[in-house]
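Just below is one structure, and these are the notes that go with it.
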Amino acid sequence: MTSRTANVTWTAANARRMERQGLASPGRLAPAEVVATLPAAHAQVLSAAELSVGMRTTDVTRTDVRAALWKDRTLVKTFGPRGTVHLLPMDELPLWTGALSALPTGRNPFAKDARMTPEQVGTVLTAIEDALTGAELTVDELSDAVVERAGAWAGDPVMPAFQGMWPRWRQVLHLAGHRGVLCFAPDRGRKVTYTRPGVVPLDGPGALAGLVRRYLRAYGPATPAHFAKWLSAPSGWAGELFAGTAARGEIEQVTYEGDPAWVVAGDTGFSAEPVRGVRLLPYFDAFLIASQPREQLFPGAAYTRALAGGQAGNFPVLLVDGTAAGVWHQRRSGRRIAVTVEPLAPLTAGQLRELEAEVARVGAVLEGNAELTVGKVTVGAHA
């Protein structure tokens, strides 16, 4: 049952978030439709993104996600919130690039002698756009093309990297994604490649308002501080953005757990029933990262066990009745996928049956045979 209220509890908000993301009852959506509900899927590890999408549906596999990404082009892999790699719906990329391009620039994290002037940034972005138009280039090939077009200074090895120094231009790689002049292309063997997505970013203010609405649709009620954390943007700026969006009647304020928060205008319907069931979410799942307050999603011992210093995403999470109740991990050998779940409290017989079904779904999404172990006891094997 759904009721309309301006006083929202965590239980009601959590139930609605899970329902809208297919976590309460997975449906039959295409990969791009699933990602739009998140509204972005973290994809630094692509297999985790494939699980994030597949576990929210009844029949999508990793092959379907890859087809949407590389064949049908209904998904795009690029730099999204927080400058990290995400999957986004291709038809929403103009909005995303318009919004991300309009984010305020923070403190420059690079050493003074490594920084680029605004003019140099513009030169490099133009060089990237030109080099990637109609091409798919590895980072080394792109580096050569940027240096050729921008000048030798762009190739100066001034950025500390894992095993050496990267060229100067690479500090704007994620910015190129935000501006819509770069996205990922299919890997060439073990090498990552990039191309130009060929979209025109929407106007910044309108795109930002659209992103606010998408975020609140997925995670409202939420505060400007929650939105700012999700984007890694200044809280004060987010507060001004929300105020302007509210002044145009696009969002409205409600009371959430006793404090003011925001939802999309008119979107005040919440289920009166708490969420039930067992779910497995992979590394950096969007729901784990964006749902607030985090202390409610990770109650008690889960805050220590399933978070890394308060940061979500570093552990795959077992959800029981809508809250973190343990962690899990997998190990693959050929088609065999060993799934080990570590619940923080004993599971009931019914919950174990649901967990077995979730593990079966992990195997189906990853196109393998998944075997569940709880502690040291093997519960079953699933094709």
Side-chain angles (χ1 to χ4, degrees), residues 40 42-45 77-86 88 96-133 135-185 187-188 190-197 201 204 207-208 228-238 240-241 284 289 308-311 313-314:
H42 193 284
Q44 197 76 35
V45 179
K77 181 181 175 184
T78 189
F79 294 94
R82 304 175 301 282
T84 54
V85 180
H86 279 73
L88 304 174
W96 274 98
T97 53
L100 294 172
S101 295
L103 292 180
T105 55
R107 183 185 64 84
N108 193 316
F110 300 103
K112 188 175 181 179
D113 61 354
R115 296 175 186 174
M116 296 166 56
T117 67
E119 292 76 17
Q120 288 175 324
V121 169
T123 297
V124 167
L125 291 176
T126 298
I128 292 173
E129 182 175 16
D130 181 62
L132 291 179
T133 299
E136 295 179 358
L137 303 180
T138 67
V139 71
D140 291 333
E141 293 168 344
L142 180 57
S143 189
D144 290 341
V146 168
V147 171
E148 179 183 353
R149 289 164 172 77
W153 59 267
D156 292 341
V158 296
M159 293 180 59
F162 299 110
Q163 295 179 339
M165 302 292 281
W166 282 341
R168 188 187 306 273
W169 75 268
R170 283 192 63 172
Q171 63 190 267
V172 300
L173 192 65
H174 79 281
L175 182 60
H178 285 181
R179 297 286 177 87
V181 301
L182 172 149
C183 69
F184 288 81
D187 290 349
R188 190 188 303 166
R190 292 182 175 272
K191 293 184 177 181
V192 171
T193 69
Y194 302 97
T195 191
R196 181 186 172 199
L208 283 169
K229 186 171 185 177
W230 179 64
L231 283 178
S232 189
S235 292
W237 167 84
E240 294 175 1
L241 175 62
F284 293 102
I289 292 173
Q311 178 180 342
N314 289 282

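Residue numbers start at 1 and run along the sequence shown.
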(Q) Any heavy-atom pair between the side chains of Leu208 and Leu103 that's under 4.5 Å? (A) yes

Q: Find the distance between CG (Leu241) and CG (Leu231) and round it off to the nearest 0.5 Å.
A: 9.0 Å

Q: Go through Val85 and Val45 one step at a time and tell me if the side-chain contact (heavy atoms from CB on, under 4.5 Å) criterion holds.
A: CA-CA 9 Å; Val85 180; Val45 179; over 6 Å; no

Q: For Asn314, check side chain to side chain donor-acceptor pair (under 3.5 Å) against everything at least two apart and list the hits.
A: none

Q. So, do Val158 and Asp113 sit near enough that their side-chain heavy atoms are less than 4.5 Å apart?
A. no

Q.
Please find the pair of heavy atoms, one from Lys77 and one from Cys183, that lie closest to each other, and give the distance.
A. O-CB, 3.6 Å

Q: Please report the shortest heavy-atom distance between Ala154 and Val146, naming the atom on each side.
A: CB-CG1, 4.2 Å

Q) Looking at CG of Leu182 and OG1 of Thr195, how far apart are the two atoms once the value is rounded to the nearest 0.5 Å? A) 8.5 Å

Q: State, with a plain yes or no, whether a side-chain heavy atom of Thr84 is found less than 4.5 Å away from one of Phe79.
A: no

Q) Does Arg115 have any side chain to side chain donor-acceptor pair (under 3.5 Å) partners at least two apart in sequence or in another chain, and if so, which? A) none

(Q) Taking ring pair (Phe, Tyr, Trp, His ring centres under 6.0 Å) as the definition, give me every residue that meets it alongside His86, ordered by chain and number, with sequence neighbours left out. (A) His42

Q) For Glu141, what residues pass the salt bridge (Lys or Arg N to Asp or Glu O under 4.0 Å) criterion, not counting sequence neighbours? A) Arg188

Q) Which pair of non-hydrogen atoms, one from Pro104 and one from Pro234, has the smallest distance, and what is that distance? A) CG-CD, 3.6 Å

Q: For Gln171 and Met159, work out which heavy atoms get closest and say how close.
A: N-SD, 3.3 Å

Q: First locate atom CG of Asp187, then atom OG1 of Thr193, and finally report the distance between them rounded to the nearest 0.5 Å.
A: 6.5 Å

Q. Is any side-chain heavy atom of Trp166 closer than 4.5 Å to a side-chain heavy atom of Leu173?
A. no

Side chains of residues 118-129: which donor-acceptor partners sit under 3.5 Å, not counting sequence neighbours?
residue	atom	partner	partner atom	Å
Glu119	OE1	Thr117	OG1	3.4
Gln120	OE1	Thr117	N	3.0
Thr123	OG1	Glu119	O	3.0
Thr126	OG1	Gly122	O	3.0
Glu129	OE2	Arg196	NH2	3.0

(Q) To the nearest 0.5 Å, what is the distance between CD1 on Ile289 and CH2 on Trp230? (A) 11.0 Å

Q) Considering all heavy atoms of both residues, which atom of Ala102 and which atom of Gly204 are nearest to each other, and what is their separation? A) CB-CA, 3.9 Å

Q.
Can you list everything that forms a side chain to side chain donor-acceptor pair (under 3.5 Å) with Asp156? Sequence neighbours excluded, please.
A. Arg168

Q: Could you tell me which non-hydrogen atom of Val181 sits nearest to which non-hydrogen atom of Pro197, and how far apart they are?
A: C-CD, 3.9 Å

Q) Between the main-chain N or O of Ala145 and the side-chain N or O of Arg149, is there a donor-acceptor pair closer than 3.5 Å? A) yes

Q) Can you tell me how far the OG atom of Ser101 sits from the CZ atom of Arg179, to the nearest 0.5 Å? A) 5.5 Å

